[in-house]
Amino acid sequence: MPLIILTGYPSSGKTKRVNEIKEYFVKRIEEEKKSLRIHVINDESLHVTKDAYKDVREEKKARSALLSAVERLLSKDDIVIADGLNYIKGFRYQLYCIARAIGTPHCVVYTGTPIDIAKEWNKNRGSEGYDEILLDELVSRYEEPDERNRWDSPLFTIIYDDTEIPLDKMWDSVILRKALPPNKSTVSKPVSSTNYVYELDKATLEIINAFVERQKEFGPGGMPMTVPRSETKVINPSRTVTLSELRRLRKQFVTYNKMNTTLDIDRLGDVFVNYLNSNLE
């Protein structure tokens, strides 16, 4: 069953909208006598504190926990609502790939709240809100969804003062809409081509080696860097990324794709770069 991805600034009203969506879906499920379950995954359910977003490593763990929970719960009988910041487009792409691989529809719900109002709501939460400096940092890193991207479509934008939201359209888009078939970048099947495994190893190794050389040359921070095998550039974090960290990420990517997916060889580099960009902030 479908995956509903929430995204928006911190304290922009995502959880309020999640409760409205869940209440509506529960009612429709009962009315239509469907055997479906609804799961809401958020920082609270994953025991992630707001302090986790102050530390790069802890934030990566938080995203990994959400990703694992979605992958574990999403099935033909389960609706999953991912209630989180989900502010990195590369991470929303990873969530999309999980839904696509399972063969279930998905949609993205964007809480369109101006920054000043989000800050006011955050302040009103007192100790339960985000630290002001942290909130500013998260807002500055936010990557707004774009319905032209397949992983951000269908996209439902809900303005902060909307009293009515398109719940009927959400239901139709994820319950009635036929899921797109898995494609070469998401289909789950055992690797059968020796050439594919060779290219997977070779492409990812060339990219991490090029990253290390570029960062040595230009230093941490600055403009994204060009690497071989990919039209997408790799972000250059404002810290030195060690070869051991890159090897660890490469190992995770290669292991996952050997076991779970057969990518189009021509797209290996782009997909790996997207994976790096979602883990190197």
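What you are looking at is a predicted structure, and each value in this text was computed from that prediction instead of being measured.
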For this session: Start with the C-alpha gap between V174 and H106, add the side-chain angles, then the distance that decides, and say whether side chain to side chain contact (heavy atoms under 4.5 Å, CB included) holds.
Result: CA-CA 6 Å; V174 294; H106 92 296; 5.8 Å; no

Problem set entry | More than 12 heavy atoms of other groups within 6.0 Å of E32 CD | yes

Exercise. So, are K27 and E23 salt-bridged, with charged N and O less than 4.0 Å apart?
Worked result: no

Exercise. Is H39 close to I81 at the side-chain level, that is, under 4.5 Å between some pair of heavy atoms?
Worked result: no

Exercise. Is the closest side-chain donor-acceptor distance between Y275 and Q252 under 3.5 Å?
Worked result: yes

Exercise. Hey, is NZ on K50 packed in by over 12 heavy atoms from elsewhere, all under 6.0 Å?
Worked result: yes

Problem set entry | Aromatic centroids of Y142 and Y9 separated by under 6.0 Å | yes

For this session: Compare all side-chain heavy atoms of V234 with those of P224 and state whether any distance is below 4.5 angstrom.
Result: no

For this session: Test T113 against S12 for side chain to side chain donor-acceptor pair (under 3.5 Å), laying out the working first.
Result: CA-CA 6 Å; T113 303; S12 61; 4.7 Å; no

Problem set entry | Side-chain ion pair, D168 and R28, N-O less than 4.0 Å | yes

Exercise. Taking everything shown except E20 itself, do over 12 heavy atoms lie less than 6.0 Å from its CD?
Worked result: yes

Exercise. Does the pair I159 and D161 meet the rule for a side chain to side chain contact (heavy atoms under 4.5 Å, CB included), with working shown?
Worked result: CA-CA 6 Å; I159 305 304; D161 57 356; 3.4 Å; yes

Exercise. Do P220 and Q215 have side-chain heavy atoms sitting under 4.5 Å apart?
Worked result: yes

Exercise. Would you say E58 has more than 12 foreign heavy atoms packed within less than 6.0 Å of its CD?
Worked result: yes

Exercise. Are any of the side-chain heavy atoms of L36 and D78 separated by less than 4.5 Å?
Worked result: no

Problem set entry | Derivation and outcome, side chain to side chain donor-acceptor pair (under 3.5 Å), residues N86 and T7 | CA-CA 5 Å; N86 302 324; T7 184; 5.9 Å; no

Exercise. Do you know which of E143, R141, E144, R92 makes side-chain hydrogen bond (donor to acceptor under 3.5 Å, both in side chains) with Y87?
Worked result: R141

For this session: Decide if atom CD of E31 counts as having more than 12 heavy atoms of other residues, nucleotides or ligands within a radius under 6.0 Å.
Result: yes

Exercise. Are D146 and Y110 linked by a side-chain donor-acceptor pair shorter than 3.5 Å?
Worked result: no

Exercise. Would a 4.5 Å heavy-atom cut-off, applied to side chains only, mark K233 and M225 as touching?
Worked result: no

For this session: Identify the heavy atoms of V254 and D201 that sit nearest to each other, and give their distance.
Result: CG1-OD1, 3.6 Å

For this session: Output, in order, the C-alpha distance, side-chain angles, deciding distance and verdict of side chain to side chain donor-acceptor pair (under 3.5 Å) for D51 and Y130.
Result: CA-CA 8 Å; D51 286 342; Y130 290 85; over 6 Å; no

For this session: Check the pair T204 / R250 against side chain to side chain donor-acceptor pair (under 3.5 Å), numbers first and verdict last.
Result: CA-CA 6 Å; T204 52; R250 173 178 177 264; 2.9 Å; yes

For this session: Could you tell me whether D270 and R229 make a salt bridge, using a distance below 4.0 angstrom between a side-chain N and a carboxylate O?
Result: no

